[in-house]
Novice: 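Sharing a structure with you now.
If you're wondering where the values come from, they're calculated on a predicted model, not measured in any experiment. Chain A is the first sequence line, chain B the second, and so forth, proteins listed ahead of strands; every chain is numbered from 1.
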Amino acid sequence: MFKKVLIANRGEIALRINRACRELGVKTVAIFSEPDRESLHVRHANEAFCVGPGPVARSYLSIPNIISTALITNCDAVHPGYGFLAENARFAQICADHGLTFIGPTPEVIGTMGDKATAKRVMREAKVETTPGTDILESVDKARRAAKDLGYPVLLKATAGGGGKGMRVVTGPDELERAFAGAQNEAESSFKDGRLYMEKLIVSPRHIEVQVLGDNFGNVVILGDRDCSVQKPSHQKLIEEAPAAHLSEKIRNSLYAMALRAAQAVHYTNAGTLEFLVSGDHAYFMEMNTRIQVEHPVTEMVYNIDLVKEQIRIAAGEALGYTQSDLRPRGHAIECRINAEDARNNFAPAAGTLTNVVFPGGPGIRVDTHIYSGGTVPPFYDSMLAKIVAFGETREAAIARMERALRETVIEGVNTTIQQCLEVLATDAFTSGHYAIDFLPGLLRQADAA
Amino acid sequence: MFKKVLIANRGEIALRINRACRELGVKTVAIFSEPDRESLHVRHANEAFCVGPGPVARSYLSIPNIISTALITNCDAVHPGYGFLAENARFAQICADHGLTFIGPTPEVIGTMGDKATAKRVMREAKVETTPGTDILESVDKARRAAKDLGYPVLLKATAGGGGKGMRVVTGPDELERAFAGAQNEAESSFKDGRLYMEKLIVSPRHIEVQVLGDNFGNVVILGDRDCSVQKPSHQKLIEEAPAAHLSEKIRNSLYAMALRAAQAVHYTNAGTLEFLVSGDHAYFMEMNTRIQVEHPVTEMVYNIDLVKEQIRIAAGEALGYTQSDLRPRGHAIECRINAEDARNNFAPAAGTLTNVVFPGGPGIRVDTHIYSGGTVPPFYDSMLAKIVAFGETREAAIARMERALRETVIEGVNTTIQQCLEVLATDAFTSGHYAIDFLPGLLRQADAA
Amino acid sequence: MPGNNVVERVRSLVVAFLDTDLVRLRIERDGGHVELRRARSRSATPELAEPQAPDAPPENVDAIKSDLVGIFRFSRPLPQTGDMVDSDRELAYVEALGIRNPVRSIGSGRLVSVCCDDGQPVEYGQTLFEIQRV
Amino acid sequence: MPGNNVVERVRSLVVAFLDTDLVRLRIERDGGHVELRRARSRSATPELAEPQAPDAPPENVDAIKSDLVGIFRFSRPLPQTGDMVDSDRELAYVEALGIRNPVRSIGSGRLVSVCCDDGQPVEYGQTLFEIQRV
C-alpha cells in the first residue's frame, strides 16, 4: 500500500479521497488555491500546500506545482479525482516519469478514450454498439443517400467539431441541402475544416452508464448501472440513481456484456464508466470516462463497496478481492446534486458566503460535501456544493427518504438546486421511473410557460 | 397506516421519529419546551406545540399537555422515543384511554418489565438465566450460608433499594458481618425497610443486548446483538457496536434463544431490548427496555432495517414482512455518542451556544443529531448532541472509518466526548475487541494517574 | 436559591439594566420572574420628546398567556377590545382533556387586544389577551 | 475588464480607503493587484506622535513571495537581516522539478526579515523575505 497520496483536487471529491486514504492508513497531501485556504479538504489532510491563485489554470491545473508538491512531500501516488487533470493523459505520464503512481488507468488508455473518434473505433472493434454513422461525406448527394440508409432524423457533425459548432439536426430530406451548407460553412469558419460526417439522431434516449473496475491482473468486474437521464439543458447531470428503473433484462445484460468486452479489449485498469444512450431495445456507446464519477456513491450504496478505496488498492498493485459472482446489488440509491445555482435563471452559478448550513442525517442518508456554515463559495470553480444520497430497500423508499432529506437541508447565502430537485422528485415521470434526457428541459419549459 | 403521529420527545430521537414518519407519508406533530423553540425537531415537523417551560416535569413529562396536543391536532398515535415517557405504563394506558395508539408494547408489558423483581421472576419462568440470588435473608447466618452457596464475591442489596443505597460488595466471608450490618442500617435509614437479599456479583462482565421485534400476530424476530460495554463510571453507554466481537456461537445462540423465549412468554409487541451481563460462558438477564434504544442505529446498519419504521408499522397493525431466516446481518457498525460533557471532569454536562458545528460525511457514515451551528444546548436535558455511526465490511474497517469521522467532526462552544471516544478507539483493548464494562473506568483512572 | 443570593442577583441585574437603553426588562425562569421598569428619564428634555409612534407598543401592558395546551373559547359576556375588566374577570377558557380551564384577567385594566379566535388551538405560553394596567 | 471600469473601481476604492484608519491596503486578484498607501497624515500633530512601538510592523515593507512550490535554498553570498540589497539581487532560489528558480529582491532596500530556512519546502505565495524600501 502507498505511504502518502497527493490529492490533486478540491471540494467534495478531495474530501472523499482523503477519507478513503485515512481509512486505509495512508497519509495525505492536499493542494489548494489561495481562496481555498479555509476549505475542509485542506483542514483534513495530513499536509497541505498552496499551489497557486484562484484561477484553475494557475492552481489546480498547474502540473509543475502539483508534481513539485508531490515530490517534496515524498508522496508515492497521486489521485486526480474527477475534472481538472483526471483525464489528462499527459499528466498521468508526467506522474509516471517522476516515479509517482497515477491512481487511474494507464496514460495510453486515457489517451485512447479521450479521443472520441479513436474511442468509437476501438469500441466497434470490441463489438460494442456505437451510434450508427458515416465517414466523411464529400457531397450533399452522398449525405442524402447516407441519411436514407440511417433513417431520419440524423445529425450532421463537423469532423473537427466541438461545442456544437458545425452541427445540425436534420429531420427530413427537405432540410438536408440547407443544413449541409450551413454546417459546412460554420465548420469552415470555426475550424478551417469544413468536412462533415453523419450520425443517426437518437430521439429521447436515456443516459445509462455502467461502472467497471479492473485490476492489474486482468480481472474486470461490472458494478451495475446508473441512470443519469435527469440532466440540465446543458447536459449536466442533476439526479442519478442505481439501478436504472425499468431496464429490461435483455438491455441490462447487453450493456454489461458490452462494458466487459470494452474493458477487456483495452486491458482497462482501475475504475471507469461507459456511458450509453439507450433507446427502446438499443444501447449506443457514447463515451468512456477513465476516472471516478461524481455519481459513484449510488453504486457504492447498492453494492456496499468503497470505489475510491478500490481505486487506491488497485493502483497499489492489489488484486480485486472478489469476482463477479460475489457481487450482489441490494436496494436502490438516488443522488441529488446540490449546486450553487439559480435553477430559475438557467442554472446560473452563484458565489458568496454560506450564512447557515444544516445537512440531513439519519438512516440511509449519505452526504458528501465540503461546505459548512460560515464558509465561502469562491467564484472560480464548479458550482457543486454537496451530494445528498438516499438509500432505500426499494426505489419508492429511496425517493421518500430523499424527499425528506432535501426538506431537512438548509443552505443560506446562495441559490441552490434543492428546490429544483424536490420538483423533479414530485413528478409522475420521475416517480414512475419513466423519464429520458429530455425530461428536465421539458419540465423547465413548462415552468417557464406557467 | 396512521394519518398523524405526535412525537413525545425532543433532540435527535424526535428527529429520528420525524424522519421515519415523513418517509412513510405520515404527518407529524412535535412538542417542545420554551427553550427548544428553535430546535430542528420543531422545524421539521408538520405542526409543533409548546407544552411547557424548560424543566422536563412541566413540559416533556406533562402528560395532560401532551395528550391535549395529540387530541386537538387529531393525531392517531404517539411515539414516545426513549427516556421521558417511553417506559411509563400509565402514559401508555392514558394514550389508549384517549383513543391514541401508543407506539410501543402494551401498558401491561411495560409495567411487568418496569418492575425489576417481577421482570426477573417472569424471565426465570421463561427459562431465561438471571443473576443467581436469594430471597430475603433474615440473618447474617443465613447470608453466610447463601454466600457460600453462591460463591464469593457477592452483592448484598436492599429489597427496597435503588441508587446504590443499602448495597455492599462482599469479596469474602471476613467482610460479611460488617457489610450486612452496614447495608441493613443504610437501608433502614434510607427506605425505612432494612430487609436485604443477596446476588452473585458478576466480575468484569460484558454488557451485551439483544434486539427483538414482535408484531400483533405473534411473530417475533431477533435482530442480533450489540456490545455496549464501553460505559462511563455512571454506567451510561458511550460507544456501542453490532455485532459483539468474540462472542462464541454458543453464547450467541443461547442469548438469542433466551430473548426469543422471553419475548414469546410475555407476548411482546413492538421493539424491545434484552440486556444481559455476559461473563465467560454465562449470560445473565439484567433488564428489558420496552422501547427503542439510543444505540438502535448500529443494528439498523448491519441488518439494513429501519427499526423506527418497523415500530410504526407494527403499531399500525401491520405484520412483520419477513421471518427470522430472511434476516442476514452484514458487516460491522459502531456508534459513538457525542455528548456535551467534560470527560476530564467526570463527564460533567455542559450547556451553551454552539459557535461552529461541522459533521462528518462520506461512505458508511450516519449522523443522527439535532444540533447545528449557532444553535444552543439548554441546561435542562440529556447532554447527548449527536450519534455518529460508522459501518464497515469488517470491524477493523468500521473502526478506521469511525476514527476518521471523529477527526472530521467540529463542535465548538461546549466540551464534548469526541476526544474521549478517539482515545477509546486507539486502545489495544478496543481494537482487539477484548473489553468489558470495567474498561472505560480503568482507562479514566490511568489517565487521572498519569 | 438562598435568599441572599436572590438579592445579590437582582442588585447586579439592576446595575446592568441601568447601563442599557431598555425601558423594561422581564426575565422569566423556572416559573418565577423578575421585571424591571425604568422611571421616566430625568435627563430627557421635553423639547426632544416626540409624540409616540402609532405602532409602538403601549406601556404597562400585560400579556395573559395560556398555561396549558387546548382549545381556546370565549366566556360570556364576550370580551372585546376596549373593555374595562375587573381583577378576576373570566375572559375565556382553554378546554383540555374535557376540562374547562378559566382564563382570568389577573388584575383589572383595559383590554387592548384579543389575540385568539374562538375554537382556536393554543399552546403553552401563547398570548391570549393583552391588558393595559391603569 | 474594460479600462473605464477599472478607473471607476479604483476611484471608489480610494474613497472607501480614505474613510478608514488604514495606512496601506493591498488587493490581489486574478494575478493583478492594487495597492493604496496613505501619505503621512497632515492633521497629525507632532506633539501627539509617539515613538513607534517595537512590535509594530515597519512601514514600506514588501514581502517577496514564492510563485511556485519547491525547496527553498539561499544563494551566495548568504543574505542576512540588515543587508542592503540591489534592485535585482538574487537572494535565494526555489528548486522545483530539478530547476532552480531564482528569488530576486525586485527593487533595492534593506532586508528586514528572512522568513525561511535553507532546504525548507515552500508553497505558492509563501513569504520568503521582507524588504524595507528606502
Novice: Could you give the distance from CD (D/Glu123) to OG (A/Ser68), rounded to the nearest 0.5 Å?
Specialist: 12.0 Å

Novice: To check you understand the geometry: which heavy-atom pair defines the closest contact between D/Val69 and A/Phe49, and what is its length?
Specialist: CG1-CD2, 3.9 Å

Novice: Answer yes or no: does atom NZ of A/Lys4 have more than 12 heavy-atom neighbours from other residues, nucleotides or ligands under 6.0 Å?
Specialist: yes

Novice: With rounding to the nearest 0.5 angstrom, report the CD1 to CG distance, A/Ile66 to D/Leu97.
Specialist: 11.0 Å

Novice: Which bit of A/Leu71 is near chain D, if near means a heavy-atom gap under 4.5 Å: side chain, backbone, both or neither?
Specialist: side chain

Novice: Mark yes when over 12 heavy atoms from residues, nucleotides or ligands other than A/Glu318 sit less than 6.0 Å from its CD; otherwise mark no.
Specialist: yes

Novice: Tell me if a side-chain donor or acceptor on A/Asn65 pairs with a main-chain N or O of D/Leu68 at a distance below 3.5 Å.
Specialist: no

Novice: Counting only heavy atoms not in D/Arg104 (residues, nucleotides, ligands), do more than 12 fall under 6.0 Å from its CZ?
Specialist: yes

Novice: Checking side-chain contact (heavy atoms from CB on, under 4.5 Å) between D/Tyr124 and each of A/Ser33, A/Ser62, A/Pro53, which is the one that passes?
Specialist: A/Pro53

